[in-house]
Amino acid sequence: MNPNELVAAAFQALETAHAPYSNYRVGAVLLCSDGTIFKGCNIENASLGLTNCAERTAGFSAIAAGNTEFKSIAIAASSKPSPFPCGACRQVLAEFCGPEFTVYIARSADDYETTTLGELLPHSFDFRSTND
Ligand code: THU
């Protein structure tokens with residue numbers, strides 16, 4: 001799936017969001033190294049803190065299905081602002097993805113920004129790190 005298709009799929013994924021509190025629906029599509037994709041949406045809860053972001057929904061679905069190698073993720077939202085992943089989602093992605101992991105953030109259905117996990121989360125916490 002190319003980046004344009006991935007972004008289009010992220011817009012489809014936000015259709016199943018449960019976001020009655022923020023009214024900000026988010027979709028994310030994670031592309032695995034073998035070409036498999038996993039969709040996610042944000043799932044809010046009346047006790048707000050239990051909300052799960054679209055990125056983590058996609059990531060946890062992939063991990064639970066046995067996929068741990070990822071190439072990229074596309075993220076789309078139902079309205080502005082552009083859905084840059086929150087700090088928690090960046091750290092969750094860093095558990096499985098290196099700094100070169102590509103992140104496509106939709107500005108609209110036909111416009112997206114390309115960045116990497118390394119740019120979004122430099123110096124992520126990592127038990128495997130050899131740094132002091
Ligand atoms: N949200 C996401 O799902 N992903 C993002 O990248 C940004 C924020 C959700 C969480 C919450 O349901 C709503 O957007 C407002 O913060």
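Predicted model, so just to flag it, every value in this text is computed and none were measured. Both ligands and their constituent atoms are indexed starting at 1 by order of listing.
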Item to complete: Check each atom of ligand 1 against the heavy atoms of T51 and keep those under 4.0 Å away; list them by number with element.
Response: 10 (C), 11 (C), 12 (O)

Item to complete: Please check if a non-hydrogen protein atom sits closer than 4.0 Å to atom 16 (O) of ligand 1.
Response: no

Discussion item. Only heavy atoms of P85, strictly under 4.0 Å: list the atoms of ligand 1 that pass.
Written reply: 6 (O)

Practice prompt. Just jot down the ligand 1 atoms closer than 4.0 angstrom to any heavy atom of Y24, in number order.
Written response: 13 (C), 14 (O), 15 (C)

Discussion item. Using a 4.0 Å cutoff against the non-hydrogen atoms of E44, which atoms of ligand 1 qualify?
Written reply: 11 (C), 12 (O), 13 (C)

Worksheet item: Under a 4.0 Å heavy-atom limit, does F84 contact ligand 1 with its side chain, its backbone, both, or neither?
Response: backbone

Worksheet item: Any non-hydrogen atom of A19 lying under 4.0 Å from ligand 1?
Response: no

Worksheet item: Any side-chain heavy atom of L6 within less than 4.5 Å of one from Y104?
Response: yes

Item to complete: Distance to 0.1 Å, residue and atom name: give those for the protein heavy atom nearest to atom 3 (O) of ligand 1.
Response: A54 N, 2.9 Å

Practice prompt. Starting from the C-alpha separation in whole Å, work towards a yes-or-no answer on side chain to side chain donor-acceptor pair (under 3.5 Å) for T57 and N52.
Written response: CA-CA 7 Å; T57 304; N52 209 63; 3.0 Å; yes

Item to complete: Considering only non-hydrogen protein atoms, determine which one is nearest to atom 5 (C) of ligand 1 and report residue, atom name and distance to 0.1 Å.
Response: E55 OE2, 3.3 Å

Item to complete: Could you tell me whether C53 approaches ligand 1 through its side chain, its backbone, both or neither, with non-hydrogen atoms closer than 4.0 Å?
Response: both

Fill in: Nearest non-hydrogen protein atom, atom 9 (C) of ligand 1
N42 ND2, 3.6 Å

Worksheet item: What atoms of ligand 1 come closer than 4.0 angstrom to any heavy atom of S22?
Response: 13 (C), 15 (C)

